[in-house]
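Every chain is numbered from 1 and lettered A, B, ... according to where its sequence line falls, protein lines coming before strand lines.
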Number of protein chains: 2
Amino acid sequence: MQEIAEEAGVNQALLHYYFRTKEGLAATIFKESASRLLPAVLGVLTSDLPLREKIEGFVHLYIDTVRSSPFLPGYIISEMQHHPERLTAMFESAGVDPAPVAAGIRARLARELEDLADSGTIRRISPENFVINMLGLAVIPFVARPALTLVLRMDDSAFQRFLDERREILPGMILNSLKP
Amino acid sequence: MQEIAEEAGVNQALLHYYFRTKEGLAATIFKESASRLLPAVLGVLTSDLPLREKIEGFVHLYIDTVRSSPFLPGYIISEMQHHPERLTAMFESAGVDPAPVAAGIRARLARELEDLADSGTIRRISPENFVINMLGLAVIPFVARPALTLVLRMDDSAFQRFLDERREILPGMILNSLKP
DNA sequence: GTCTATATTTCGATAGAC
DNA sequence: GTCTATCGAAATATAGAC
């Protein structure tokens, strides 16, 4: 609390005035952080774009957003791991029941992927695996960054170049993985 | 410290007797945790197996190992994020300079991938992207688990089934993504 | 709303008996 | 090696003036 107050140019008492408790501050930060990523990403997945552009949109949006806040994924993963209840609280405070919303998105995606598989355009893949694959491929450079820095001696500019390259080739790699 | 002592059936004083400080305990836990994954994974990557079996070995080893300690990836990510110096300390205490070791592994993999690309067996891909793709695809179910539980209402057995399925299809998906 | 001062609790660490 | 008792510091939270 002391460090946060200093960074904000105020004192601890004022933090308590606004957030009541340390836990309240933590919950607020988690909500606002996760809300920077989730709606945008869901927007792409639920759009009417063709699959190729959904994939490209997802990858570009994710990498571009996180690039400007590179600690975001690690922070969200860390918080979900240590305080899974914050996820529930986040949806509650937004007045959203996540399960039916997700079920709807899942059903739409499932139909789209099935149709494309039926017509022989892509391999058969479940919507769960499709989404989680993209997420894993997009997020891993950021969470593995400390290791990349140490073992591959990647400094900041090398990491940025790695991201630039990855941003361009990842959509193609994902599409290729779906080829029949 | 209090909670850990309770869990271990001892008291705080004994923890201090063995680990001197809280930081010492944390460093020890990180070293032992990371050492459960890293050498095995590197063993697969540096083996003389053909690419197909390297991929399969990596995926199976990773999922099987982490399945029995599902918090391991989230914990390691969390610690790398908040205390990147622990990575350095880990290699130091093992008496290993990670950079040259990694450079050697990287060079070997690069040659293997180049040869396969030259002969038209696979698409051209850098060893960095090759390894980090596999890592991201293998790790993401575990770090995303709290979200899967909440939004897809996955209980423990559903998650285990998801892992079973993924363990089998992931090597094929990765291989397919490498097809020319 | 914002501050200073302070109360209260928690936590890491040590002393010393056994 | 393991324990009980306790110290001292740090952190969270509150009171009350402005």
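B:Val44 approaches B:Gly57 most closely through the heavy-atom pair CG1-C, 4.0 Å.
A salt bridge does not link B:Asp155 to B:Arg161: none of the charged nitrogens lies less than 4.0 Å from a carboxylate oxygen.
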Enumerate all atom pairs, one protein N or O and one N or O from nucleotides 11-15 of chain D, separated by less than 3.5 Å.
unit_1, atom_1, unit_2, atom_2, d
D:dT12, OP1, A:Lys22, NZ, 2.9
D:dT12, OP2, A:Met1, N, 3.3
D:dA13, OP2, A:His16, NE2, 3.1
D:dA13, OP2, A:Lys22, N, 2.7

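Atoms CD (B:Glu6) and P (C:dC11) sit 11 Å apart, rounded to a whole Å. In this structure, CZ of B:Phe19 is placed 12 Å from P of D:dG1, rounded to the nearest angstrom.
Side chain of A:His60 to backbone of A:Arg167: a donor-acceptor contact under 3.5 angstrom is found.
Residue A:Tyr75 qualifies as enclosed at atom OH: its count of foreign heavy atoms under 6.0 Å is above 12.
OP1 or OP2 of D:dT4 sits under 4.0 Å from a side-chain N or O of B:Asn11.
Using a 3.5 Å distance cut-off with no hydrogens or angles, the side chains of A:Arg108 and A:Thr46 do not pair a donor with an acceptor.
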